[in-house]
Undergrad: 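Sharing a structure below in structure tokens format, with a few things to ask.
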Amino acid sequence: MSLPVLNIQDLSIHYQTEQGPLQALRDVNLQVPEGKIIGIIGESGCGKSTLISAIIRLLAPNARIGRGSVNFKGRDLLRLSRDHMRALRGDEISMVFQDPMTSLNPVLTIGRQMYDVQHRSAANRAEKTARSLQMLDRVGISDPATQLQRYPHHLSGGMRQRVAIAMALMAEPDLLIADEPTTALDATLEVQIIHRLKELQREFGCSILFISHHLSVIAELCDEVIVMYAGEVVESGSVRDVFIDPRHPYTQKLLECDPARIAQRTRELPVIEGSLPNLVDLPGGCIFRERCSHRLARCGEDRPDLSGNQHQAACHLLDAES
Amino acid sequence: MAKPRGTVYRTFSALKKDPLGMTGFVLVSIILLLTVLAPWLAPYDPLEVNVYNRLSSPSAEHWLGTDQLGRDVLSRVLFGGQVALKVSLVAISVSMAIGLILGMMAGFGPRWLDRILVISFDTVRSFPTIMFALAIVALTGPSLNTVIGVIIITSIPVYARVVRTQTQALRERDFILAERAMGASTSRILRDHVLPNIAAPLFILASMDVPAVVGMEAGLSFLGLGVSPPTPSWGSILNDGYSYLRNSPWPIIAGGLPLIAVTLGFTFFGESLRDIFDPKLRRKDQ
């Protein structure tokens with residue numbers, strides 16, 4: 001395996017709240033190898049957004065980085081100066097946002113925004129316009145020349161998201177962070193965007209960090225997957241390993257709850273009992289203990305570490321087996 | 001999907017559907033035209049004194065009569081418009097520019113800066129304008145520049161507050177975050193993304209502000225704090241006419257009508273623009 005483009009080590013982040021520090025991320029380890037698509041799954045509030053905000057260093061003002069490092073191509077992003085960090089954004093690291101209806105400026109034409117995004121390039125106006133046209137064409141927008149004259153409200157959600165992807169890939173970044181880019185789209189469009197993203201990834205050779213809570217999207221698109229729960233990585237491995245042989249009880253439950261995998265007709269969809277633990281007042285031991293049906297005595301005492309080589313999971317059951 | 005048209009074209013076709021807005025637009029155009037063309041349209045020199053023909057009623061020679069020194073009131077009103085126009089143009093553009101910068105600083109900058117700026121805006125606004133003007137004039141003496149200065153100082157907070165709230169609302173929007181994530185600097189975000197979004201409300205505010213500024217200039221000149229005689233201003237025409245109201249009502253009428261026309265014209269026009277640019281109202285007819 002080649003050197004990872006992004007290597008996050010033991011990252012811990014908390015938010016300062018009136019109730020006390022909210023432990024949003026605890027000892028998160030994550031590698032994004034070159035040219036791979038890594039998916040992150042987890043329910044709302046599991047720290048996905050905090051993680052990507054930490055990577056691009058746009059954390060909320062009350063967020064504090066406890067420890068750890070975010071290594072991007074040999075540089076620790078957490079220790080980079082603000083100007084260096086800004087120079088990386090949109091150039092080597094790019095991002096596609098969740099809601100295409102709000103992530104484009106409503107009062108500027110698509111052309112103007114695509115031109116603006118190339119503000120670092122030394123190319124002249126005609127070359128930049130040509131580049132915009134080329135990028136729109138590559139993300140599958142028909143008649144790009146007309147679209148450049150249009151305003152975001154003239155475009156459908158799917159087209160806007162394509163424009164956002166085109167803008168993100170404009171500078172040919174090494175890492176593209178996609179924050180639930182298909183959640184706001186309907187199912188047909190979702191499939192189209194996913195396929196397009198996969199093609200573009202092959203063409204550009206960039207790595208993608210893809211955040212979603214849609215299991216089938218992750219299964220379709222990603223090479224490797226990381227399962228997060230309440231600010232911790234509970235399982236990671238190749239998509240095949242994790243989806244066929246989930247080791248952590250949380251992943252197992254999550255897969256059981258995926259409507260796409262339920263064969264029988266049913267009136268009631270399965271759910272995972274209980275709710276996320278309070279991150280301000282963390283219980284000791286395993287984070288998933290309260291909702292786990294395989295609870296052991298030691299789960300209440302010590303926190304399980306990730307174990308395994310390629311396919312890792314943090315659960316005491318795995319130690320018991322071996 | 002219709003071919004996207006320019007903002008000017010869309011604004012104008014929407015304006016045509018709004019009779020009140022159109023009235024305002026026509027009034028504003030007439031006033032601007034008459035004022036700009038005053039040197040060519042005015043039948044007499046506004047300063048030419050003819051004491052043999054004092055306080056005459058309208059006639060074929062003097063359409064709006066003459067004042068207490070026999071000066072042609074129509075010519076004085078036309079030239080008075082130039083003073084009003086100059087004051088509103090200079091005062092509004094300067095206070096809008098400064099208000100824009102301060103408002104953006106308050107809306108986008110750190111919280112302590114916001115607090116300091118808001119407190120200073122409130123401090124300036126807490127003085128009654130006329131009292132403030134009296135104090136400044138007492139220090140510097142009456143002149144047109146003093147009037148402009150007073151209006152600028154008291155108008156900056158009005159613009160700055162609107163810009164501040166608009167900027168604050170925008171800074172939390174996704175596309176601003178997206179711009180940041182794409183490596184845009186704060187100055188680039190403010191210039192290329194915040195400014196185009198607040199330009200429309202700012203110009204509407206400026207349009208609605210014209211009557212207030214013109215009124216303030218007239219008021220200060222009426223009190224003798226503005227232009228020094230014999231320069232004509234709508235306020236000084238009113239003041240001259242006021243002293244001779246028993247002899248002739250014409251100077252008062254001639255000085256007051258343009259003030260009413262400006263107020264109505266710019267208010268109708270501004271309100272119509274606001275309706276056109278308000279996205280909530282616009283979406284209905286699309």
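In the text below, chain A, chain B and the rest are named by the order of the sequence lines, each starting its count at 1.
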Undergrad: If you define the side chain from C-beta out and look only at heavy atoms, does anything of P106(A) sit under 4.5 Å from F175(B)?
TA: yes
Undergrad: Measure across A178(B) and F97(A) and return the closest heavy-atom pair with its distance rounded to 0.1 Å.
TA: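 For A178(B) versus F97(A), the nearest heavy atoms are CA-CE1, 3.2 Å.
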Undergrad: Around atom CZ of F203(B), are there more than 12 heavy atoms from other residues, nucleotides or ligands closer than 6.0 Å?
TA: no
Undergrad: Enter the distance from D116(A):CG to E179(B):CD here, rounded to the nearest 0.5 Å.
TA: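 Result: 7.0 Å between the selected atoms.
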Undergrad: Tell me, for L177(B) versus chain A, whether the close heavy atoms (under 4.5 Å) come from the side chain, the backbone, both or neither.
TA: both
Undergrad: Report, in residue-number order, which members of residues 186-193 of chain B are under 4.5 Å from chain A by heavy-atom distance.
TA: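 R188(B), D192(B), H193(B), listed by number.
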Undergrad: At their closest point, which heavy atom of R86(A) faces which heavy atom of S185(B), and how far apart are they?
TA: CZ-CB, 3.3 Å
Undergrad: Below 4.5 Å from any heavy atom of chain B, which atoms of R82(A) appear? Answer side chain, backbone, both or neither.
TA: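 Contact with chain B: none, neither part.
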Undergrad: With a 4.5 angstrom heavy-atom cut-off, which part of R173(B) approaches chain A: side chain, backbone, both or neither?
TA: side chain
Undergrad: Find the one option among T102(A), L88(A), I56(A), N105(A) whose heavy-atom pairs under 4.5 Å with chain B are most numerous.
TA: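 Looking at each of T102(A), L88(A), I56(A), N105(A) in turn, N105(A) comes out on top.
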Undergrad: Does atom CZ (R120(A)) have a neighbourhood of more than 12 heavy atoms from anything else shown, all under 6.0 Å?
TA: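 Check passes, neighbour count above 12.
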Undergrad: Between M182(B) and H119(A), what is the shortest heavy-atom contact and its length?
TA: O-NE2, 4.5 Å
Undergrad: Show me the pairs that pass salt bridge (Lys or Arg N to Asp or Glu O under 4.0 Å) and involve residues 43-56 of chain A, at least two apart or across chains.
TA: E43(A)-R291(A), K48(A)-E180(A)
Undergrad: Could you state the interatomic distance from CG (N197(B)) to CG (L108(A)), rounded to the nearest 0.5 Å?
TA: 7.0 Å
